[in-house]
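Structure first, commentary second.
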Amino acid sequence: MGARPMSPDGSCAGPDRRAPCPDPLTRAPRFTTPSGAPTDWLRLPPASLQGALVALVGRDTRGLQLDAAQRLSHYPSSPCVSLSWLHGIDVGAVRQGPHGPEWEPLGADCMVSGTQAHPVTTWAETTGHGCMAIFRADAAQALFGLDLASIQDRFVRAADVMGPEWTPMWDALLASPDADLIAVLERHLARRWQAVCGRATDQPSLRQIGRHWVERLAWHAHEWRREHSPRQVERRIKSFSGRSLREWQAIVRTEGLFFAARDRHEAGQPFDWAALALDEGFADQAHMTRAVRRITGFTPTEFARRFVEDESFWLYRLWA
C-alpha cells in the first residue's frame, strides 16, 4: 500500500481519486459545534479491565463543516498499543516525502497500532466517526498474543495480527453505539484479563501508566543482569518490548513534562521552561527541547501554542 504524493494543485495524487491533503504542519483553529457539545471523549476502564485498558477514546465529526486542515490529527509517541475502528471514514498517515506531503490510507476499518517512538499525524478525507481502545503494551501482548516488535511504529490491519477468534469482538465494536463500547470490551476481555492477572488491581492515573510499564521493564533488566551480559540484556528488553529501555525512559519522562505544563497553564502560571526541565528530570532546557521535539515534532513553545489553539491537537487535550 503506497503513499500518495501531493499533486501540484495541493491534492493527494492517486490512480482513482484526488483528495485535498494538507501539509501535516498546517494549522487550523479549534472547532466549536453549534450546540457546544464536544466532538471527542475519553472514558477510563471498568474495574474488570484495570491494569489492561488505559482508556477508551472516541471522536465524532459527522455532519460538521471541518476544513481539510481541521481534519488533521496529531498524536504523540506512546508506550501503549491501540485498537482502532472507523465508521465511514478513510483515515491515513501524513508524512513529508521527497516531493512534499504524502498520505497513506490505513486501508481497513479495524486497525492495530503498536508503540510509537515518534509523533504521528493522520488525516481524514471526510468527517466521520472513530474510536480507539488504548492498552498497556504488556497487557495487549498477553490478551491478544501480539508480537510487539513487529507492530511498533506501524498501523496494521487487525486481521493480519489477530486471530479469527477476535472477529466477534470487532464486529460488536463496529455495531455498537459509543455508550455501549465499554460493555463490549468487558464482555470479550474481562474474563481473559482476570485469568492473566489473577486478581483485581487498583487503577493508576493516566500519568502513571507509562511509568509503571517502564519500571517493570527496568525490573526485568535488573533480574536478567544476574545471568546475562549487558548486551544480552539489552537485546532481551528490545525483543520483549520492541524498544530499548533508554527509549522507553525518554518517552515517559517527556509525558510527565506534558502534565506538569498542563498544570501550570490551568493555574495561570507562566511557562518557565528551564525550571520545568529540571523538575521533570532533564539535564537542562536544551535536553528537554530535544526530547519534546522527538516525541511531538515541535519545540515546547510551539507545542504549547498548538495545544491551546489547534483543532488537530484534540487528543493531547483529552489525554492531559
Side-chain angles (χ1 to χ4, degrees), residues 33 35 37-62 73 75-76 78-89 91 106 108-116 122 128-146 151 155 157-159 161-210 212-213 255 259 314-320:
T33 61
S35 66
T39 58
D40 39 61
W41 49 263
L42 181 149
R43 297 185 186 128
L44 296 178
S48 62
L49 293 176
Q50 288 175 355
L53 180 67
V54 177
L56 180 64
V57 174
R59 180 166 169 86
D60 190 348
T61 60
R62 288 174 293 185
S73 291
Y75 301 86
S78 172
C80 297
V81 170
S82 298
L83 309 186
S84 303
W85 54 101
L86 306 170
H87 299 271
I89 182 173
V91 176
L106 299 182
D109 291 335
C110 301
M111 305 293 298
V112 176
S113 56
T115 62
Q116 304 288 326
T122 65
H129 180 206
C131 298
M132 177 169 56
I134 305 169
F135 291 86
R136 279 176 31 178
D138 55 342
Q141 185 181 50
L143 282 170
F144 309 117
L146 297 173
I151 62 173
F155 292 85
R157 294 173 64 250
V161 293
M162 295 174 65
E165 68 271 20
W166 294 107
T167 299
M169 182 187 75
W170 286 111
D171 289 344
L173 290 171
L174 285 167
S176 300
D178 291 352
D180 295 341
L181 293 176
I182 286 290
V184 171
L185 291 172
E186 277 197 287
R187 185 164 66 249
H188 289 273
L189 299 177
R191 181 173 297 180
R192 185 184 292 249
W193 176 241
Q194 292 305 313
V196 169
C197 66
R199 61 183 179 84
T201 58
D202 292 330
Q203 173 63 31
S205 70
L206 294 180
R207 184 175 182 178
Q208 291 171 322
I209 294 292
H212 177 69
W213 164 238
E255 185 180 55
F259 283 91
W314 62 271
L315 183 66
Y316 283 96
R317 289 189 290 271
L318 267 186
W319 193 257

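Of all heavy-atom pairs between Pro79 and Ala137, the closest is O-CB, 3.6 Å. What you find for Val196 and Ala142 is that their closest heavy atoms are CG1-CB, 3.9 Å. Minimum heavy-atom separation, Ile134 to Ser82: CG1-OG, 3.8 Å. The shortest non-hydrogen separation linking Ala133 to Leu185 is CB-CD1, 4.2 Å. Nearest heavy atoms, Tyr75 versus Tyr316: C-OH, 3.5 Å. Residues Val54 and Pro45 share a closest heavy-atom pair of O-CD, 3.4 Å.
For Trp166, the ring-ring contact (aromatic ring centres under 6.0 Å, His included) test picks out Phe144, with sequence neighbours left out. Every residue two or more places apart in sequence or in another chain that forms a salt bridge (Lys or Arg N to Asp or Glu O under 4.0 Å) with Arg157 is listed here: Asp160.
Counting only residues at least two apart or in different chains, side-chain hydrogen bond (donor to acceptor under 3.5 Å, both in side chains) contacts with residues 175-192 comprise Trp41-Asp178, Ser48-Glu186, His129-Asp178.
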ask   = Can you check side chain to side chain contact (heavy atoms under 4.5 Å, CB included) on Leu146 and Val161, steps first, answer last?
value = CA-CA 7 Å; Leu146 297 173; Val161 293; 4.1 Å; yes
Leu173/Cys131 under side chain to side chain contact (heavy atoms under 4.5 Å, CB included): CA gap, chis, key distance, verdict = CA-CA 9 Å; Leu173 290 171; Cys131 298; over 6 Å; no
request  = Decide side chain to side chain contact (heavy atoms under 4.5 Å, CB included) for Ile182 and Leu53; before the verdict, give the C-alpha distance in whole Å, the side-chain angles of both, and the deciding distance to 0.1 Å.
outcome  = CA-CA 10 Å; Ile182 286 290; Leu53 180 67; 4.3 Å; yes
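At least one side-chain heavy atom of Leu174 sits less than 4.5 Å from a side-chain heavy atom of Cys110. Two residues are said to be in side-chain contact when any heavy atoms from C-beta on lie closer than 4.5 Å; Met162 and Leu83 meet this criterion. Between Val91 and Phe155 there is no side-chain heavy-atom pair separated by less than 4.5 Å. At least one side-chain heavy atom of Phe135 sits less than 4.5 Å from a side-chain heavy atom of Leu143. Two residues are said to be in side-chain contact when any heavy atoms from C-beta on lie closer than 4.5 Å; Leu315 and Met132 meet this criterion.
Although no hydrogens or angles enter the test, the distance criterion places no donor-acceptor pair under 3.5 Å between the side chain of Thr115 and the main chain of Ser78. Side-chain atoms of Asp60 come within 3.5 Å of backbone N or O of Arg62 as a donor-acceptor pair.
Arg43 contributes atom CZ, which lies 11.5 Å from atom CG of Leu318 (distance to the nearest 0.5 angstrom). To the nearest 0.5 angstrom, Gln194 atom CD is 9.0 Å from Gln50 atom CD. Here CG of Asp109 is found 11.5 Å from OG of Ser84. Values are rounded to the nearest 0.5 Å.
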